[in-house]
**Student:** 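The structure's right below; bear with me while I get my questions together.
Side chains are part of it too, since the values below use all heavy atoms of this structure and drop only hydrogens, waters and symmetry mates. All residue numbers in this chain count up from 1 along the given sequence. All values reported here derive from a predicted model rather than from experimental measurement.
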Amino acid sequence: MTRYTPECANGTLVLVGEDDRIEIGAVDDVVAAIGDETHSIEYDRDQRRQPWLDADDGVLEIDVREAVTTLPHTEKLVSELREYDMDTDRYGLPRRTVEFADRFVDILERQGTSAPADAER
């Protein structure tokens with residue numbers, strides 16, 4: 001399975017695999033579609049016990065710009081992103097850029113919990 005690694009040149013994010021590449025869009029547009037420079041992931045009490053998690057309060061702050069320019073992606077995700085082109089727009093941004101941002105947030109959210117804090121009591 002090919003892993004696609006991000007490359008950033010002149011502010012444009014591209015995912016690069018073996019002999020393949022796909023433009024995602026401007027990093028600034030990805031951050032705008034996500035909504036902020038940081039994204040918080042909340043962990044439940046059981047998840048907080050993991051030694052790799054360095055978040056005493058159960059919240060991990062992710063630097064969005066750093067994450068989108070360093071985390072690799074699957075061939076499946078890239079295949080799905082190819083369904084969207086860069087010429088059509090959504091919310092004033094290229095559709096592929098917005099779809100990537102949406103899926104990136106989904107990936108981040110799957111790392112934590114969406115359970116309400118009251119569920120821990």
Side-chain angles (χ1 to χ4, degrees):
M1 175 182 262
T2 301
R3 295 294 287 180
Y4 283 77
T5 57
E7 286 185 5
C8 188
N10 299 321
T12 300
L13 180 65
V14 178
L15 299 179
V16 179
E18 296 174 26
D19 303 325
D20 190 24
R21 57 192 302 119
I22 179 172
E23 180 181 345
I24 300 301
V27 174
D28 289 343
D29 289 346
V30 173
V31 172
I34 290 174
D36 200 348
E37 292 279 339
T38 60
H39 183 81
S40 300
I41 301 174
E42 187 173 339
Y43 292 90
D44 66 24
R45 188 180 332 180
D46 290 336
Q47 291 170 321
R48 290 180 205 167
R49 293 185 184 131
Q50 300 299 318
W52 54 264
L53 181 61
D54 186 20
D56 292 336
D57 60 355
V59 177
L60 186 63
E61 296 288 329
I62 303 294
D63 181 322
V64 169
R65 192 171 297 273
E66 178 184 349
V68 298
T69 57
T70 57
L71 295 178
H73 297 282
T74 64
E75 191 172 0
K76 180 177 185 267
L77 174 73
V78 170
S79 176
E80 292 169 357
L81 291 172
R82 285 189 197 285
E83 295 177 19
Y84 306 99
D85 63 33
M86 298 295 290
D87 295 329
T88 58
D89 63 73
R90 185 174 189 189
Y91 312 123
L93 300 172
R95 181 75 189 256
R96 184 183 297 156
T97 303
V98 173
E99 291 298 329
F100 173 80
D102 287 348
R103 291 160 196 246
F104 194 81
V105 169
D106 288 344
I107 292 168
L108 293 177
E109 292 297 321
R110 280 183 271 161
Q111 308 308 308
T113 179
S114 58
D118 291 338
E120 295 180 33
R121 295 182 184 140

**Student:** Would you confirm whether T97, through its side chain, and I24, through its main-chain N or O, come within 3.5 Å as a donor-acceptor pair?
**Tutor:** yes
**Student:** So which pairs with a foot in residues 28-38 pass side-chain hydrogen bond (donor to acceptor under 3.5 Å, both in side chains), sequence neighbours left out?
**Tutor:** D28-R65, E37-R65
**Student:** Test V98 against every option in L93, V30, T88 by the side chain to side chain contact (heavy atoms under 4.5 Å, CB included) rule and name the one that passes.
**Tutor:** L93
**Student:** If I take atom CD1 from residue I22 and atom OH from residue Y4, how far apart are they, to the nearest 0.5 angstrom?
**Tutor:** 8.0 Å
**Student:** Quick one: name the residues clustered hydrophobically with M86, using the 4.5 Å side-chain heavy-atom rule over I, L, V, M, F, W, Y, and just say none if it's on its own.
**Tutor:** none
**Student:** Any chance you could measure D102, atom CG, to I107, atom CD1, to the nearest 0.5 Å?
**Tutor:** 11.0 Å
**Student:** For T74 and R3, which heavy atoms make the closest approach, and how far apart are they?
**Tutor:** CG2-NH1, 3.0 Å
**Student:** Can you tell me how far apart OG1 (T2) and NE2 (H73) are? Round to the nearest 0.5 Å.
**Tutor:** 14.5 Å
**Student:** Consider only side-chain heavy atoms of I, L, V, M, F, W and Y, link residues closer than 4.5 Å, and tell whether V16 and V27 are in one cluster.
**Tutor:** no
**Student:** Report the C-alpha separation of L60 and Y43 in whole Å, then their side-chain angles, then the decisive distance to 0.1 Å, and conclude whether the side chain to side chain contact (heavy atoms under 4.5 Å, CB included) test is met.
**Tutor:** CA-CA 8 Å; L60 186 63; Y43 292 90; 3.8 Å; yes
**Student:** From Y84 OH over to D89 CG, what is the distance, rounded to the nearest 0.5 angstrom?
**Tutor:** 15.0 Å
**Student:** Show the nearest heavy-atom pair for residues T69 and C8, with the distance to one decimal.
**Tutor:** CG2-CB, 4.4 Å
**Student:** Quick one: does any side-chain atom of D106 pair with a main-chain N or O of E109 as donor and acceptor, under 3.5 Å?
**Tutor:** no
**Student:** Looking only at atom types and distance, does a side-chain atom of R95 sit under 3.5 Å from a main-chain N or O of R90, one as donor and one as acceptor?
**Tutor:** no
**Student:** Rounded to the nearest 0.5 Å, what separation is found between the CG atom of L13 and the CD atom of E7?
**Tutor:** 9.5 Å
**Student:** Tell me the salt bridge (charged side-chain N to carboxylate O under 4.0 Å, His left out) pairs involving residues 71-82, sequence neighbours left out?
**Tutor:** D20-R82, K76-E80, E80-R103
**Student:** Between A101 and I34, what is the shortest heavy-atom contact and its length?
**Tutor:** CB-CG1, 3.7 Å
**Student:** Report the C-alpha separation of H39 and F104 in whole Å, then their side-chain angles, then the decisive distance to 0.1 Å, and conclude whether the ring pair (Phe, Tyr, Trp, His ring centres under 6.0 Å) test is met.
**Tutor:** CA-CA 11 Å; H39 183 81; F104 194 81; 8.6 Å; no
**Student:** For the hydrophobic clusters of this structure (ILVMFWY residues joined by side-chain heavy atoms under 4.5 Å, transitively), does one cluster hold both V68 and V14?
**Tutor:** no
